[in-house]
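This report refers to the structure that appears directly beneath it.
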Amino acid sequence: MASIFRPSVSLDLRPKVSCTNHLPAIERFEFQKNKNLRKDRLNGILKANQAHGSAEGISVVQEKEINNQTDYGVVGVHHVGLLCENLERSLEFYQNILGLEINEARPHDKLPYRGAWLWVGSEMIHLMELPNPDPLTGRPEHGGRDRHACIAIRDVSYLKEILDKAGIEYTMSRSGRPAIFTRDPDANALEFTQV
């Protein structure tokens with residue numbers, strides 16, 4: 001079966017810390033102070049570059065120096081783990097409907113539960129046959145309002161045809177962008193966005 005997935009491009013994603021409420025007050029203060037210092041240094045470099053006629057902003061090296069406290073080398077998402085009740089039923093969906101292929105190099109038999117690793121571009125989905133603590137009913141109809149994994153694809157309209165032919169329900173993106181949301185047999189929400 002032809003796959004709708006293509007190898008993805010790795011993005012340089014820097015971690016962003018948006019919540020420090022779990023820290024004691026003094027650590028929150030120190031975190032915010034350091035964040036403000038980095039921001040002040042960044043603004044100073046940008047102003048200096050603008051004063052010298054540079055429209056470039058800052059160099060990658062300068063940015064790394066400013067953000068060195070949070071730069072631990074994030075290069076992308078390696079895999080997303082999804083729980084399933086019945087591995088064969090899930091593989092029917094992921095392999096035969098979506099066209100994903102099993103990564104035979106991953107340790108299927110070394111874990112204390114059944115599972116499978118499926119290629120999604122250069123990343124993977126790890127299906128794990130384990131009890132699911134989440135309810136299967138009462139979830140939002142639109143997967144964009146639920147926890148979900150987003151997969152970049154090249155042709156949303158072709159995936160729509162595949163889902164229609166298989167009788168699988170879906171919703172289109174509420175924002176009007178080319179994206180489709182569906183659920184696997186265990187109600188895990190999946191978004192497919194066209195890139």
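These values consider heavy atoms only, across backbone and side chains, with no hydrogens, waters or symmetry-generated copies.
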* Say you draw a straight line from CD1 of Ile125 to CG of Asn103; how long is it, rounded to the nearest 0.5 Å? -> 12.5 Å
* **Stepwise side-chain contact (heavy atoms from CB on, under 4.5 Å) test for Phe93 and Leu190** => CA-CA 12 Å; Phe93 174 80; Leu190 300 169; 3.9 Å; yes
* Beyond-backbone contact of Tyr94 with Leu82, side-chain heavy atoms, under 4.5 angstrom -> yes
* Backbone N or O of Pro135 within a donor-acceptor pair of the Arg139 side chain at under 3.5 Å? -> yes
* Check whether any side-chain heavy atom of Leu159 lies under 4.5 Å from a side-chain heavy atom of Gln194, and answer yes or no. => no
* **Atom CD of Glu88 with >12 non-hydrogen neighbours under 6.0 angstrom** => yes
* Asked: In the single-linkage hydrophobic clustering (I, L, V, M, F, W, Y; side-chain heavy atoms under 4.5 Å), do Val156 and Val195 co-cluster?
  -> no
* Contact summary for Ser175 and Ser173, nearest pair of heavy atoms -> OG-OG, 2.9 Å
* To do: May I ask you to test the Phe192-Thr182 pair for a side-chain heavy-atom distance under 4.5 Å?
  => yes
* Min side-chain heavy-atom separation His126-His78 under 4.5 Å -> no
* Asked: Hey, what do you get for CG (Leu91) to CG (Leu98), rounding to the nearest 0.5 Å?
  -> 11.5 Å
* Working to the nearest 0.5 Å, report the span between OG1 of Thr193 and CZ of Phe181. => 7.5 Å
* Asked: Is there side-chain contact between Thr171 and Arg145, with heavy atoms separated by less than 4.5 Å?
  -> no
* Hphob cluster co-occupancy, Ile162 + Met172, side-chain heavy atoms under 4.5 angstrom -> yes
* Asked: Is there a side-chain contact between Asp146 and Arg183 (heavy atoms, below 4.5 Å)?
  -> yes
* Could you give the distance from CG (Leu130) to SG (Cys84), rounded to the nearest 0.5 Å? -> 8.0 Å
* **salt bridge (Lys or Arg N to Asp or Glu O under 4.0 Å) contacts touching residues 172-181 (sequence neighbours left out)** => Arg177-Glu191
* Which atoms form the tightest heavy-atom contact between Ala166 and Ile97, and what is the distance? -> CB-CD1, 3.6 Å
* Can you get from Ile168 to Ile180 by hopping between Ile, Leu, Val, Met, Phe, Trp and Tyr side chains that sit under 4.5 Å apart? -> yes
* Asked: In terms of hydrophobic clustering (I, L, V, M, F, W, Y; side-chain heavy atoms under 4.5 Å; direct or indirect links), are Leu83 and Leu127 co-clustered?
  -> no
* To do: With sequence neighbours left out, write down each residue that passes salt bridge (charged side-chain N to carboxylate O under 4.0 Å, His left out) with Arg89, or none if nothing qualifies.
  => Glu85, Asp186
* What is the distance from atom CG of Leu118 to atom CE of Met124, rounded to the nearest 0.5 Å? -> 10.0 Å
* Rounded to the nearest 0.5 Å, what's the gap from CD on Gln95 to CD on Glu101? Could you check? => 8.5 Å
* Are Met128 and Val120 joined in one hydrophobic group, where the rule is that I, L, V, M, F, W and Y side chains link up if heavy atoms are under 4.5 Å apart? -> no
